[in-house]
Q: 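Input: one structure, supplied below.
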Amino acid sequence: MLLADGSGKISHVVLALEGVMGVGRHEVAVPYSEMQITPAEEGALLIHLPWTETQLRSVPAYDPANPATLGLSGPSDPEPSVEAP
């Protein structure tokens, strides 16, 4: 899901982190500006995030009624990035 700011520009992307067999689903809103998107083969996109899956799971779940859940920013200590095809 894409979230826009007051001017209509994409501000955040809501990512769903799946659990085992659908149990434990965790949605987080990550700032669009933190995503590195590059073209890949056959029109696909490669998305690099500056967080590990563990870091993303530790962030409070996205709640549309709570703007504080949009506060995710890059990690203070660098760790390997998560890649999504």
Side-chain angles (χ1 to χ4, degrees):
M1 173 185 341
L2 301 175
L3 304 175
D5 62 15
S7 69
K9 291 178 66 177
I10 297 171
S11 63
H12 290 77
V13 176
V14 177
L15 303 176
L17 306 173
E18 295 295 329
V20 177
M21 296 176 59
V23 176
R25 181 181 170 110
H26 185 75
E27 291 185 340
V28 295
V30 299
Y32 180 72
S33 62
E34 298 277 342
M35 301 173 75
Q36 296 177 351
I37 303 170
T38 55
E41 295 178 12
E42 300 178 20
L45 297 175
L46 186 61
I47 301 171
H48 294 272
L49 302 173
W51 309 281
T52 64
E53 183 176 350
T54 302
Q55 289 171 317
L56 289 172
R57 289 191 183 280
S58 70
V59 172
Y62 168 65
D63 177 359
N66 183 357
T69 61
L70 296 176
L72 186 66
S73 61
S76 56
D77 21 309
E79 294 200 27
S81 64
V82 175
E83 294 183 14

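Both backbone and side-chain heavy atoms feed into the values below; hydrogens, waters and symmetry mates do not. The first residue of the sequence shown is numbered 1, and numbering continues consecutively from there. Remember, it's a predicted structure, so these values are computed and weren't measured experimentally.
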Q: A4 and S11: which non-hydrogen atoms are nearest, and at how many Å?
A: C-OG, 3.8 Å
Q: If you look at every heavy atom in A65 and P67, which pair is closest and at what distance?
A: O-CD, 3.6 Å
Q: What's the separation between atom NZ in K9 and atom OG in S33, rounded to the nearest 0.5 Å?
A: 9.5 Å
Q: Between Y62 and L70, does the side-chain contact (heavy atoms from CB on, under 4.5 Å) criterion hold? Intermediate values first, please.
A: CA-CA 7 Å; Y62 168 65; L70 296 176; 3.8 Å; yes
Q: For the residue pair V13 and M35, what are the closest heavy atoms and their distance?
A: CG2-SD, 3.6 Å
Q: So, do I37 and Y32 sit near enough that their side-chain heavy atoms are less than 4.5 Å apart?
A: yes
Q: When you compare the side chain of V14 with that of L2, does any pair of heavy atoms fall below 4.5 Å?
A: no
Q: Step by step, would you call T38 with I47 a side-chain contact (heavy atoms from CB on, under 4.5 Å)?
A: CA-CA 7 Å; T38 55; I47 301 171; over 6 Å; no
Q: Roughly how far apart are E27 CD and M1 CE, rounded to 0.5 Å?
A: 6.0 Å
Q: Does E34 use its side chain to pair, donor to acceptor, with the backbone of P31 at less than 3.5 Å?
A: no
Q: List the atom of L56, the atom of V30, and the distance in Å for their closest heavy-atom pair.
A: CD2-CG1, 4.0 Å
Q: Which atoms form the tightest heavy-atom contact between E18 and R25, and what is the distance?
A: OE2-NH1, 2.8 Å
Q: How far does CD1 of I10 sit from CG of D5, to the nearest 0.5 angstrom?
A: 10.0 Å
Q: So, do W51 and V59 sit near enough that their side-chain heavy atoms are less than 4.5 Å apart?
A: no
Q: Find the distance between CD (Q36) and CG (L45) and round it off to the nearest 0.5 Å.
A: 13.5 Å
Q: Main chain of P60, side chain of T69: is a donor-acceptor contact present, judged purely on distance under 3.5 Å?
A: no
